[in-house]
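Encoded as structure tokens, the structure appears first; notes follow it.
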Amino acid sequence: MRRRISLLRLAPLAAAVLLTACSGTRKLVDPVVVITTRNGMELGVTTRSGVVFTGATAERGEIEIEAWFGDGPTIERTIIEPVSDELFTAEIDIVLPSVPISFDEPRDGESLQLMGRKDGARWSMSARAKTDPRVFGLLLEIPSGFPDDPDQVGAGVFRRLPEHRHELVGLVVGKIQLERDGSAQRYLAVAGPTELWRLVAHRRDHLRKKPFVYREDIL
């Protein structure tokens with residue numbers, strides 16, 4: 001009997017490529033953030049239900065969340081909150097990107113968009129979804145030029161919508177190798193909609209009005 005492979009137990013390997021940015025305003029450029037923990041760096045995505053990341057570098061303790069606006073980055077310090085064994089979130093005072101989460105599993109062969117950030121640069125590339133009955137979760141064909149860079153784990157996987165909008169369908173958690181007919185093929189492993197629903201359940205009170213927080217650095 002074949003065992004189904006859980007993607008979320010894999011060692012993280014991820015990457016990213018260039019994304020167009022606006023400038024000169026306080027408008028948020030994109031929903032990909034850099035998360036710094038006591039053990040290193042990884043990526044996350046901010047959604048309408050809060051920040052979500054894989055906890056690849058830490059599952060508890062203090063973190064810094066760095067987000068980019070048109071006039072530069074901002075850093076927020078906060079505490080990790082577990083969502084499940086595989087996903088984590090954190091509460092912050094200011095409004096960051098608000099992308100919706102999609103709970104529609106991508107079709108086999110569907111073109112999706114990877115977004116990440118490296119050294120302050122915003123990156124993006126297309127990748128095709130892949131399904132396999134041996135795997136519980138979403139796979140992506142690895143795009144040409146995709147680097148093996150551990151600090152890019154958590155790169156967002158998005159479905160493109162009209163008018164340059166996006167919805168989140170998953171986070172890159174690593175790479176997986178599958179064998180078929182004597183040949184091996186590697187894929188990006190993604191924590192997809194079957195895991196992201198846990199964030200919404202965890203933050204089911206996120207629409208509840210929060211107390212006003214005055215900060216001189218926020219207008």
Side-chain angles (χ1 to χ4, degrees), residues 7 14-35 42-54 65-71 73-74 83 86-90 92 94-118 121-131 137-146 152-173 187-204 206-207:
L7 302 184
V17 280
L18 184 61
L19 176 69
T20 303
C22 60
S23 60
T25 71
R26 196 59 175 166
K27 182 178 179 181
L28 200 69
V29 175
D30 67 58
V32 178
V33 295
V34 172
I35 294 173
E42 60 182 282
L43 298 179
V45 175
T46 49
T47 77
R48 292 176 183 173
S49 295
V51 181
V52 62
F53 54 100
T54 69
I65 298 176
E66 188 171 14
W68 272 258
F69 294 82
D71 59 354
T74 185
V83 172
E86 295 86 12
L87 295 178
F88 299 82
T89 188
I92 53 178
I94 68 173
V95 177
L96 292 181
S98 182
V99 295
I101 297 174
S102 172
F103 301 105
D104 295 328
E105 287 284 347
R107 306 180 311 275
D108 191 73
E110 181 179 351
S111 180
L112 300 171
Q113 187 170 13
L114 283 164
M115 291 187 192
R117 191 181 294 278
K118 180 68 175 176
R122 294 163 292 274
W123 302 87
S124 170
M125 64 165 51
S126 295
R128 292 196 176 277
K130 180 70 176 177
T131 59
L138 175 64
L139 301 174
L140 294 179
E141 295 178 354
I142 302 176
S144 176
F146 194 89
Q152 295 295 290
V153 65
V157 181
F158 298 86
R159 180 178 286 116
R160 289 176 287 246
L161 302 175
E163 299 179 357
H164 307 290
R165 296 178 296 119
H166 296 84
E167 58 183 7
L168 181 69
V169 298
L171 302 177
V172 172
V173 297
Y187 299 95
L188 292 179
V190 177
T194 55
E195 292 298 327
L196 288 174
W197 72 267
R198 300 178 187 276
L199 174 66
V200 179
H202 177 77
R203 299 292 296 277
R204 58 187 177 277
H206 77 279
L207 293 177

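From a predicted model like this one, the values you see are computed outputs, not experimental measurements. Computation of the quantities below employed the complete heavy-atom set of this structure, encompassing side-chain atoms and omitting hydrogens, waters and symmetry-equivalent molecules.
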| task | Walk me through it: do K130 and D108 pass the test side chain to side chain contact (heavy atoms under 4.5 Å, CB included)? | result | CA-CA 5 Å; K130 180 70 176 177; D108 191 73; 3.7 Å; yes
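- With P31 as the fixed residue, the side-chain contact (heavy atoms from CB on, under 4.5 Å) test singles out one of V51, T47, V45: V45.
- Nearest heavy-atom pair, G170 versus L196, reported as atom, atom and distance to 0.1 Å: N-CD1, 3.7 Å.
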| Does the side chain to side chain contact (heavy atoms under 4.5 Å, CB included) test come out yes or no for L96 and F69, once each step is laid out? | CA-CA 9 Å; L96 292 181; F69 294 82; 4.0 Å; yes
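- To the nearest 0.5 Å, atom CZ of residue R198 and atom CG of residue L87 are 8.0 Å apart.
- In this structure, S126 and S111 approach most closely via the heavy-atom pair CB-OG, 4.2 Å.
- Between the side chain of R159 and the backbone N or O of D104 there is at least one donor-acceptor pair closer than 3.5 Å.
- Here R128 pairs with nothing under the side-chain hydrogen bond (donor to acceptor under 3.5 Å, both in side chains) rule; sequence neighbours left out.
- Under the 4.5 Å side-chain criterion, counting only non-hydrogen atoms from C-beta, R160 is in contact with H166.
- At a threshold of 4.5 Å between non-hydrogen side-chain atoms, the residues V52 and I101 do not count as touching.
- How far CE of M125 is from CG of L140: 11.0 Å, rounded to the nearest 0.5 Å.
- In this structure P100 satisfies the side chain to side chain contact (heavy atoms under 4.5 Å, CB included) test together with R48, E167, sequence neighbours excluded.
- Using a distance-only test at 3.5 Å, with no hydrogens or angles considered, no donor-acceptor pair links the side chain of Q152 to the main chain of E42.
- Closest approach of W197 to F103, counting heavy atoms only: CA-CE2, 3.4 Å.
- Taking every heavy atom of both residues into account, L139 and A189 meet most closely at CD2-CA, 4.4 Å.
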| said: One pair to check against side chain to side chain contact (heavy atoms under 4.5 Å, CB included): V190 and L112. What are the steps and the verdict? | reply: CA-CA 12 Å; V190 177; L112 300 171; over 6 Å; no
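- Rounded to the nearest 0.5 angstrom, T131 OG1 and Y187 OH are separated by 9.5 Å.
- Here L43 contributes atom CG and K118 contributes atom NZ; the two are 9.0 Å apart, rounded to the nearest 0.5 Å.
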| task | Verify side chain to side chain contact (heavy atoms under 4.5 Å, CB included) between L188 and V157, making sure each step is shown before the conclusion. | result | CA-CA 11 Å; L188 292 179; V157 181; over 6 Å; no
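- Scanning both residues, V34 and R117, for their nearest heavy atoms gives CG2-CD, 3.9 Å.
- Shortest non-hydrogen contact noted between S102 and V169 is CB-CG1, 3.8 Å.
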